[in-house]
Amino acid sequence: MSAQLRIDRSVMVGCIDGLEDSGLVRRERHPRDRRAYAVTLTPEAEPALAEAEGGVPRLLDRAFGALTAAERQTLSRLVGKILDVS
């Protein structure tokens, strides 16, 4: 998962530790791979997730508000191209 998100494994573990300490996720052994963990949301995470998801459009508007719709589309295509190469 950390490779897919392009986040260093140690940073990912720290993030999951914090979420687990806050009661937002639980970590259990993966049922098919004993070396791995499955991380699942707890019911307490639902309001926090909804709040975070609701903020994404506002964040994107603030971050990319100076760009036209065509420029946003071009940027998205170019970033996608960069990520496909990595």
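Below, each value reflects all heavy atoms present in this structure, side chains not excepted, and no hydrogens, waters or symmetry copies.
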Considering all heavy atoms of both residues, which atom of [X] and which atom of [Y] are nearest to each other, and what is their separation?
{"X": "Ile16", "Y": "Val25", "result": "O-CG2, 4.0 Å"}
{"X": "Gly23", "Y": "Thr42", "result": "O-OG1, 2.6 Å"}
{"X": "Glu44", "Y": "Leu24", "result": "O-CD2, 3.7 Å"}

Would the number of heavy atoms belonging to other residues, nucleotides or ligands and lying under 6.0 Å from CD of Gln73 be above 12?
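Atom CD in Gln73 is not crowded, with 12 or fewer foreign heavy atoms closer than 6.0 Å.
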State whether the number of non-hydrogen atoms from other residues, nucleotides or ligands found under 6.0 Å of Glu28 atom CD is greater than 12.
yes
Do [X] and [Y] sit in the same hydrophobic cluster, where Ile, Leu, Val, Met, Phe, Trp and Tyr count as joined when their side-chain heavy atoms come under 4.5 Å apart?
{"X": "Leu60", "Y": "Val79", "result": "yes"}
{"X": "Leu59", "Y": "Leu75", "result": "no"}
{"X": "Leu49", "Y": "Met12", "result": "yes"}
{"X": "Leu83", "Y": "Leu78", "result": "no"}
{"X": "Val11", "Y": "Tyr37", "result": "no"}

Test log, rule side-chain contact (heavy atoms from CB on, under 4.5 Å), inputs Thr74 and Arg77
CA-CA 5 Å; Thr74 298; Arg77 182 180 53 78; 3.9 Å; yes
Can any side-chain N or O of Arg27 pair as donor or acceptor with the backbone N or O of Glu20 at less than 3.5 Å?
no
